[in-house]
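Worksheet for the structure shown next.
Chain letters run A, B, ... following the sequence lines, proteins first and then strands; every chain starts at 1. As a basis for the values below, the full set of heavy atoms in this structure was taken, side chains included, without hydrogen atoms, waters or symmetry mates.
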Number of protein chains: 2
Amino acid sequence: MGARRRGEELEQAILRAAAEELRESGYAGLTMDKVAVRAGTNKNAIYRRWPHRAALGIAAYRHLTDAAMPDPDTGTLRGDALEMLRAANETWSSPYGAVLRSLLAAAADEPELLDLMRERSGADTMDRAWLTMLERAVARGEAPAAAVHPLVAAMPMMLLRAEYATRGIPTVPDRTLVDIVDELFLPLVRGRGVPRG
Amino acid sequence: MGARRRGEELEQAILRAAAEELRESGYAGLTMDKVAVRAGTNKNAIYRRWPHRAALGIAAYRHLTDAAMPDPDTGTLRGDALEMLRAANETWSSPYGAVLRSLLAAAADEPELLDLMRERSGADTMDRAWLTMLERAVARGEAPAAAVHPLVAAMPMMLLRAEYATRGIPTVPDRTLVDIVDELFLPLVRGRGVPRG
DNA sequence: GTTATAGGGTACGCGACGTACCCTATGGAG
DNA sequence: CTCCATAGGGTACGTCGCGTACCCTATAAC
């Protein structure tokens, strides 16, 4: 039976074990020993692949999720924006999101980890989605052309992230998302159509 | 010589030592042993006062700083907002800010710690300052009355925080602060004067 | 078949947290 | 003035987790 696993097979087993540990205990609770035991191997096999715990954490995370980017088209800018925020909130509230937040927290001290995270977080794709959203709104005549701007596109998600950071929290109430859209995002879009005064 | 220190005197010595360690090495580098040595005492005296490292970290941080809240009055909303952001950026870029960010990162996993931090971070006072700023702008006829809103007041600082979080960085470039004000904050303020369209 | 390579088992060194003892200075009660 | 409870000092220890070092052994490639 249990022939000795090698290469790809073993690697997947380790990643699966690490992902489970990550989901159960977050990054802080991810220990090399536990991963080794859970994967039915030993630390040797792990350290031969990833130089340190942080690298394994990231690899396990990307093994855990490959988030699909929503591309809503509800017909109104308000509807689209809410859709985006709700999808993001759902992702971040899920077990995967907990892991992600735990990783981000740990990354604050380790710059190398932070880079890898950003690369993997799909922030660029996200910004692009918001921009096309805005462009559609302009095409519909719903928003001024000046509303199409990278900062405008990035703002709502940044606020959502800040909300997660200050509150320490799994889920942002839907009310907050609605407020971000109605009290900030839409007024901002309107305001960018007004000549500076 | 060196009479044995007790009570308040010893407590201050410990806090001073912890604060120095915090500034030199951040929260991650704050070790109980080093604090004990630096304070010229031993871990006993520390654990008799704070139950664990996190508690000492917080206590040391508040011993380190008692941030003065700026209350700019430059005559224009733009000037005031920039002043606020620049002051905040300076604080967060300083050694104190590094400590704060390091503590916040560590707090993400420990909710009790997060509460203590939020209480201590002066977020409420900050929001109030932005609100009075907005009120002054309205009084000058520079902004519509509808611009006075908690979310509007909170937005710029939230964006600044998000900037720190995503980039992993000591200092946000001044250019970014200007953009937050000119591309987002001021258009938003204008937009809130426009009837919903 | 033989052999280089990757896995398995295990032990270790190190640093850090938190705890346990056992002395000793100190200050307050009598 | 004396005695004693209390707080400090010194130090050692248990535990955990990272990362490393060996030493065997299965396996795949040749």
Side-chain angles (χ1 to χ4, degrees), chain A residues 1-18 20-22 24-61 99 102-103 105-107 109-113 116, chain B residues 1-18 20-22 24-61 99 102-103 105-107 109-110 112-113:
Chain A
M1 51 146 289
R4 182 179 282 190
R5 296 160 303 176
R6 292 175 81 81
E8 190 62 20
E9 185 189 358
L10 181 57
E11 184 149 339
Q12 289 304 314
I14 294 173
L15 283 176
R16 199 172 328 124
E20 285 166 17
E21 287 290 336
L22 215 40
E24 289 175 16
S25 321
Y27 180 71
L30 178 79
T31 81
M32 302 304 253
D33 298 75
K34 279 195 289 179
V35 170
V37 169
R38 186 164 211 153
T41 180
N42 62 0
K43 291 194 288 178
N44 262 339
I46 304 182
Y47 278 103
R48 206 164 283 158
R49 292 173 168 76
W50 298 276
H52 42 240
R53 182 166 145 270
L56 175 61
I58 294 173
Y61 175 74
V99 171
S102 152
L103 269 174
D109 264 328
E110 312 183 55
E112 75 177 279
L113 216 159
L116 289 173
Chain B
M1 52 144 291
R4 182 178 281 192
R5 296 161 302 175
R6 294 173 80 81
E8 190 61 20
E9 185 188 359
L10 181 56
E11 185 149 340
Q12 289 304 314
I14 295 173
L15 282 176
R16 199 171 328 122
E20 284 165 19
E21 286 292 335
L22 216 39
E24 288 175 19
S25 321
Y27 180 70
L30 178 78
T31 81
M32 301 305 253
D33 298 75
K34 279 195 288 180
V35 171
V37 168
R38 186 165 211 152
T41 179
N42 63 359
K43 292 193 288 179
N44 263 339
I46 304 181
Y47 279 103
R48 207 164 283 165
R49 292 174 167 76
W50 298 277
H52 42 240
R53 182 164 145 270
L56 176 62
I58 295 174
Y61 175 73
V99 171
S102 150
L103 269 174
D109 264 330
E110 312 184 54
E112 75 176 277
L113 217 159

Evaluate the side-chain proximity of A:R38 to A:E24: yes if any heavy-atom separation is below 4.5 Å, no if none is.
yes
Starting from C1' on C:dC17, measure out to OH on B:Y27 and report it in whole angstrom.
11 Å
For B:A60, is there any backbone N or O sitting under 3.5 Å from a side-chain donor or acceptor partner on B:R16?
no
Rounding to an integer number of Å, can you tell me how far A:R53 CZ sits from D:dG17 P?
10 Å
Counting only non-hydrogen atoms, which of residues 36-51 of chain B are less than 4.0 Å from DNA chain C?
B:K43, B:N44, B:Y47
For the pair made of CD in A:E11 and P in C:dT5, what is the distance, rounded to whole Å?
19 Å
Relative to the 5' end of DNA chain D, which residue comes earlier, B:E8 or A:T31, by the nucleotide with the nearest heavy atom?
B:E8
Rounded to whole angstroms, how far apart are CD on B:E9 and P on D:dA7?
16 Å
For atom CE of B:M32 and atom P of D:dA12, their distance in whole Å
20 Å
Is the shortest heavy-atom distance from the side chain of B:Y61 to the side chain of B:I58 under 4.5 Å?
no
Pairwise side-chain contact, B:R49 with B:L10, heavy-atom cut-off 4.5 Å (strictly under)
yes
Whole angstrom value for the distance that separates P of D:dA12 from CG of B:D33
13 Å
Calculate the interatomic distance between A:L10 atom CG and C:dA6 atom P; express it in whole Å.
12 Å
Answer with base, sugar-phosphate or nothing: what part of the nucleic acid does A:L56 contact at a heavy-atom distance below 4.0 Å?
nothing
Distance to the ring centre below 6.0 angstrom and angle to the axis at most 45 degrees; does that hold for B:R53 and B:Y47?
no
Heavy-atom side-chain proximity of B:E11 to B:W50 below 4.5 angstrom
yes
